[in-house]
Amino acid sequence: MKNKDRYYMALNENNGQLNEIDLGEKIGLCENETMKTIVQLMSEHKIEYAENKACNYRVLKKRK
């Protein structure tokens, strides 16, 4: 999914500066699309819910 990959990269680069909804809007997603994308990324264990400055999600580090 193109939106999922774009959001994941934007979240990684965001470093907690924007909240999750504003970040989605920055890349052209509405609030509903953003929330669906977050759910998909969480189900794939790519992100987790954790306070990270203004954002409530952070990218999980890859395990070796």
Side-chain angles (χ1 to χ4, degrees):
M1 172 183 263
K2 186 177 178 183
N3 289 339
K4 182 176 68 173
D5 295 334
R6 286 186 15 221
Y7 190 84
Y8 179 78
M9 296 301 292
L11 185 63
N12 194 30
E13 294 171 2
N14 181 45
N15 197 24
Q17 299 302 311
L18 295 173
N19 70 35
E20 57 276 2
I21 303 302
D22 290 340
L23 182 62
E25 288 177 354
K26 181 179 176 184
I27 63 169
L29 302 176
C30 71
E31 185 174 348
N32 288 337
E33 290 173 322
T34 300
M35 295 310 294
K36 287 178 185 177
T37 302
I38 288 171
V39 169
Q40 289 175 341
L41 289 169
M42 287 184 71
S43 70
E44 295 174 4
H45 304 287
K46 291 186 175 184
I47 65 173
E48 70 178 351
Y49 181 84
E51 289 186 22
N52 183 17
K53 301 178 187 168
C55 191
N56 290 321
Y57 297 90
R58 68 180 180 125
V59 174
L60 290 174
K61 306 250 187 222
K62 292 183 180 179
R63 296 180 186 174
K64 292 184 178 181

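Treat the numbers as computed from the prediction; the structure is a model and nothing was measured.
- Side-chain contact between K53 and N15: present, with at least one pair of heavy atoms (C-beta onward) separated by less than 4.5 Å.
- The environment of M9 atom CE is sparse: at most 12 non-hydrogen atoms of other residues, nucleotides or ligands sit within 6.0 angstrom.
- Scanning all heavy atoms of the two residues, the minimum distance from H45 to L60 falls at O-CD1, 3.2 Å.
- Summarising the geometry of L29 relative to T34, their closest heavy-atom pair is CB-OG1, 3.5 Å, with the distance given to 0.1 Å.
- D22 contributes atom CG, which lies 12.0 Å from atom CD1 of I27 (distance to the nearest 0.5 angstrom).
- Across every non-hydrogen atom of A50 and R58, the tightest pair is CB-NE, 3.7 Å.
- Screening E33, E44, Q40 for a side chain to side chain donor-acceptor pair (under 3.5 Å) involving K4 leaves a single residue, E44.
- The closest donor-acceptor contact from the side chain of E20 to the backbone of N56 lies under 3.5 Å.
- Atom NZ of K46 is surrounded by more than 12 heavy atoms from other residues, nucleotides or ligands within 6.0 Å.
- Taking all atoms of both residues into account, the shortest heavy-atom contact from A54 to L18 is CB-C, 4.2 Å.
- The side-chain heavy atoms of I38 and Y7, taken from C-beta on, include a pair separated by under 4.5 Å.
- Distance check, rounded to the nearest 0.5 Å: NZ of K26 to CG of N14 gives 7.0 Å.
- One finds the CD1 atom of I47 at 4.5 Å from the CG atom of L41 (value rounded to the nearest 0.5 Å).
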